[in-house]
Amino acid sequence: MSPALHELLSRPAPDVAPRLLGAVFVCARDTGTVALRLTEVEAYGGQQDADLPDPGAHTFRGRTARNASMFGPPAHLYVYFTYGLHHAVNFVCRPEGTGGGVLIRSGEVVLGEETATRRRLATRSSHPPFATLARGPGNVAQALGLTLDDDAAPLVDLGATPDPVARAREAVAEREGTVWSGLALAEHPAEDVRSTARTGVSGEGGTDAFPWRFALPGEPTVSPYRRATVKRRRTR
DNA sequence: GAGGCGATTGCCT
DNA sequence: GGCAATCGCCTCT
């Protein structure tokens with residue numbers, strides 16, 4: 001892979017995340033190819049020796065079997081399974097070798113709309129509106145066809161171009177018939193980026209102390225903000 | 001070895 | 001706005 005993406009993802013996640021908005025994330029699978037123009041991401045920091053320990057991150061309590069890939073080389077995927085039914089995907093970052101990542105929260109489907117729709121219909125009773133095909137982390141993973149099998153998979157660097165969508169299309173054609181994931185960066189960073197507290201993160205990590213959710217304003221594909229669910233004791 | 005609960009989603013009221 | 005669904009990681013006993 002060329003050094004550009006690797007160099008970018010070697011930086012701390014909060015620096016990387018806003019730069020990913022507008023980039024195009026391609027996942028080519030046997031079951032179809034889908035590409036997303038990223039509109040919403042969240043940064044998750046490294047462990048104790050990062051500048052700012054991140055209590056909202058999976059890395060916070062150290063390396064485990066589940067989060068091992070987050071401590072691996074940058075420019076790889078970290079896919080995890082949660083709530084017994086959803087997958088979510090991160091790009092692994094590496095601030096000073098402490099682990100970290102950028103959660104892909106939402107994107108606009110720019111390639112493979114039919115495939116994405118078919119995958120999403122597997123768990124829905126109604127046809128998903130276009131803007132919701134990849135809105136929310138669980139929906140992103142489902143639309144792209146990502147599962148735990150894709151954890152630690154490498155991210156192919158498709159370069160930085162003025163037209164990442166076109167670049168993604170070219171790459172899909174070039175690599176027809178193979179299974180791969182890749183990222184085409186936008187040549188220029190998005191000018192208008194909104195940062196807020198992270199969605200669904202409980203405790204201190206979900207407050208304004210960590211304004212590490214980044215989104216493109218005005219995009220219909222950006223997920224609504226939700227607070228972390230309040231813990232309720234099970235009543236037998 | 002057991003139990004709590006999560007970087008969520010979609011349907012129901 | 002409430003809450004069920006559903007599984008496995010992680011913590012504590």
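Note on naming: letters A, B, ... go to the chains in the order of the sequence lines (proteins, then strands), and numbering restarts at 1 for each one.
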Could you verify whether a donor N or O on one side chain and an acceptor N or O on the other, from A:R29 and A:T115, lie under 3.5 Å apart? no
Quiz item: Is there a donor-acceptor pair under 3.5 Å between the side chain of A:E42 and the backbone N or O of A:T199?
Solution: yes
Heavy-atom nearest pair, A:V172 first then A:L111, reads CG2-CD2, 3.8 Å
Collect all protein-nucleotide pairs involving nucleotides 10-13 of chain C in which both atoms are nitrogen or oxygen and the distance is under 3.5 Å.
from   : atom 1 : to    : atom 2 : distance (Å)
C:dC10 : OP1    : A:T64 : OG1    : 2.4
C:dC10 : OP2    : A:T64 : OG1    : 3.4

Any strand, both distances under 3.5 Å, Watson-Crick or G-U wobble: B:dT9 pairs with C:dA4
Minimal heavy-atom distance between A:V110 and A:V24, with the atoms involved, is CG2-CG1, 4.1 Å
Contacts of A:T33 meeting side-chain hydrogen bond (donor to acceptor under 3.5 Å, both in side chains) (sequence neighbours excluded), chain-then-number -> none
Here the distance between atom P of B:dA7 and atom CE of A:M70, to the nearest Å, is 11 Å
Distance, C1' atom - from C:dG8 to B:dG10, rounded to whole angstrom:
22 Å
Checklist entry - Taking atom P in both C:dA4 and B:dG4, what distance in whole Å separates the two? => result 15 Å
Same cluster or not: A:V109 versus A:L146, using hydrophobic residues (I, L, V, M, F, W, Y) connected whenever any side-chain heavy atoms lie under 4.5 Å apart? yes
(request) Evaluate the ring planes of A:F25 and A:F91, with Trp represented by its six-membered ring, and classify them as parallel (under 30°), tilted (30 to 60°) or perpendicular (over 60°). (result) perpendicular
Give me, pair by pair, the N or O atoms of the protein and of nucleotides 9-13 of chain B that are less than 3.5 Å apart, along with how far apart they are.
from   : atom 1 : to     : atom 2 : distance (Å)
B:dT9  : OP1    : A:G136 : O      : 3.4
B:dT9  : OP1    : A:P137 : N      : 2.9
B:dT9  : OP1    : A:G138 : N      : 2.8
B:dT9  : O4'    : A:H86  : NE2    : 3.1
B:dG10 : OP1    : A:R120 : NH1    : 2.9
B:dG10 : OP1    : A:R120 : NH2    : 3.3
B:dG10 : OP1    : A:N139 : OD1    : 3.3
B:dG10 : OP2    : A:N139 : ND2    : 3.4
B:dG10 : N7     : A:R226 : NH2    : 3.4
B:dG10 : O6     : A:R226 : NH1    : 3.1
B:dC11 : OP1    : A:S125 : N      : 3.3
B:dC11 : OP1    : A:S125 : OG     : 2.8

Inset, instruction - Using the P atom as the reference point in each nucleotide, state the distance between B:dA2 and C:dT6 in Å, no decimals. - result: 23 Å
- When you measure from the side chain of A:D192 to the backbone N and O of A:L216, does any donor-acceptor pair fall under 3.5 Å? no
A:E40 CD to B:dA7 C1', in whole Å, measures 12 Å
Rounded to whole Å, the OH-C1' distance (A:Y83 to C:dC3) equals 13 Å
From OH of A:Y44 across to P of B:dG6 the rounded distance in Å is 13 Å
To the nearest angstrom, the CG-C1' distance between A:N90 and B:dG6 comes to 14 Å
In whole angstroms, the gap separating P of B:dC5 from OH of A:Y80 amounts to 18 Å
So does A:A186 get a backbone contact from the side chain of A:R19, meaning a donor-acceptor N/O pair under 3.5 Å? yes
